[in-house]
Structure formats: C-alpha cells, structure tokens
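Start at 1 and go down the list; that is how both ligands and their atoms are numbered.
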Amino acid sequence: MIHFLNNLFAGCNSDYKSSRYVIFGVPYDATTTFRPGTREGPRAIREMSYNFETYMPSIGLNLGDLSITDLGDIDTGVLPDDMVRDVSEVTGDIIRDGKIPVMLGGEHSITAGAVRAVMPDCYLVCDAHLDLRDEFRGTKNNHGCTTHRVIDEGIKDIIIVGARSGTQEQFELARSLMLFTADEIQKRGMKQVLEDILDAIGKKRVYLSIDADVIDCCLTPGVGTPEPFGLAPQDIRDLIAAVAPRAVAFDYVEVSPFDNGQTAMVAAQMVREFIAAHAKSSIKN
Ligand code: MN
Ligand code: MN
C-alpha cells in the first residue's frame, strides 16, 4: 500500500470518531501588536513534527499507538469576536464528544474561545505577558486581553507562570490571582514551583495554555512579542509533564516562524510531550 504524505501533524492517522486527542490549528493573527506572522504557526509546527521519531523514550510510549487526529485549520474570519465564536464552537464539539482538544496558534486571543467552551476549574497559562488588559486597540479580544477574558468567564483559579511583562495595573490584578514570575522561577527552580502549582491544582480540571514567548527569546526567537530573561524549554517541558494528567485541554500559541525553525520545533515537541504525558497517566489510572 502506497502511503500519501500530507501536511497534518505527523502520526495523526486516526479518524475523528476513534480519536482521544484532536489537534486543530487556528492560523489567526489579526490583533497582533508588535510583529505579525503567528498565522504561519500551525503550518510550521506541523512541518517540524515530521522531524521526530514517534517513540517517546522519556515517557516510554509510542505516539503511533495512540489515537490522535488532526482536523487541519479553522477557516475563520478576520474579526476577533467571530474568531472567538468559531474556536468556541469547534472546541465545544470536541469536549462534548469526550475528547481532548489540542489547539495550535495563531495568536493568544484564540484561547479565549477555547476556554469558554471548556469551562475548566483552573486556567494555567505560561506566558511572558500577563495578557490582563480589559480592552486593547478597540477590541476585548486582542491577544493582550486573553487572561482578562478568562476572568470574565467566571473561572476562579487562574495560575500565571513565567510572566515578566505587563503594566503596573496588570501586575496588581495578577497578584490577586496566582502568579509565578520568571524571576521567581529563576530563583526557586521550576521543580520547587511545580510543587506549589500541583498543590493548588489538586484534582481540578485544568486548561493548560502555553504562549511560546514564555521561553527566553534568545532561545526561541520566533514569536510575535519577544521577551528576554525567560524560562528554558526544559522548564516548560517539566511543567507539561506534571500538569498533563490533570489537563482537559491544551494549546500552544504565538509561534511566529520567521526564525530558523527552532521555535516551531520546540512547539511540536511540546505538543507531543503533552499528548504522551496525558496518555501515560490515563493508562496508569
Ligand atoms: Mn499571551
Ligand atoms: Mn506572550
């Protein structure tokens, strides 16, 4: 039998009905504030996914043995509110079908739609930015407003990891949530901070959102709003491995692949780490 190559995430060969994990992309960057280009994120992440073996030695699991599908990209309009509605509809269908949505961005504003559909007990976001503006440049669904939209949905437990940029007002608001700045993680180490995070999560249903710019821009420069003095890829990998068992949805956003591919490469591997760690924990339980 001749196999056909396609441009979907590598190894996602299951049909929707039998899949536990459902990948989809949202190539949207209409509200970007600094550098555009995150609309190319899903394509670049999928392209890089073909670099890796399906076997995940650290987890002892072969991704090829899991049921994963990739729906492709949402064809959404340019208006932020329309995009959020479309993402919410797609994510809601996946959740109602008892599956785990794995969303590839696109800018961070897409997360507002997914969170609205999932309605998790806890929102855990790794991001250089607080994203706590109420409104920016004429829309409440700017990518700098995402965490504020999550508050508006009524989600009480919000954990921000790796932040190092925001207005004074945003930092005051963030301190009423649970905030672990990049400097604090640098000082205490991610392993230590993860103990606090896992204590706070307990048995709650978690939405896990990774903004690619949480990682130091000197390591992965392919992002729309780069910030230095950030976390290492290994920190985020450790967090994903620890939190995945409690997660009901996952996204990786803000990859803007004008670098040498390293940002999308890291993103593709993080997506695989999430799925593998999540699957491993459901096999154990
Ligand atoms: Mn963000
Ligand atoms: Mn950010």
So how many protein N, O or S atoms does the Mn ion (ligand 1) have within less than 2.8 Å?
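Protein heteroatoms (N, O, S) closer than 2.8 Å to the Mn ion (ligand 1) number 4.
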Over-ring placement of Lys99 relative to Tyr16, 6.0 Å and 45° cut-offs
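Yes.
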Between the side chains of Asp127 and His108, is a donor N or O closer than 3.5 angstrom to an acceptor N or O?
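Asp127 vs His108: donor-acceptor pair found between side chains.
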Among all residues two or more places apart in sequence or in another chain, which pass the salt bridge (charged side-chain N to carboxylate O under 4.0 Å, His left out) test with Glu184?
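For Glu184, the residues satisfying salt bridge (charged side-chain N to carboxylate O under 4.0 Å, His left out) (neighbours in sequence not counted) are Arg188.
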Counting only heavy atoms not in Glu169, do more than 12 sit closer than 6.0 Å to its CD atom?
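For Glu169, atom CD is crowded (more than 12 foreign heavy atoms under 6.0 Å).
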Is any side-chain heavy atom of Val26 closer than 4.5 Å to a side-chain heavy atom of Met103?
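Yes; the side chains approach each other to less than 4.5 Å.
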Evaluate side-chain hydrogen bond (donor to acceptor under 3.5 Å, both in side chains) for Asp131 paired with His143, printing each intermediate quantity in order.
CA-CA 7 Å; Asp131 290 353; His143 74 153; over 6 Å; no
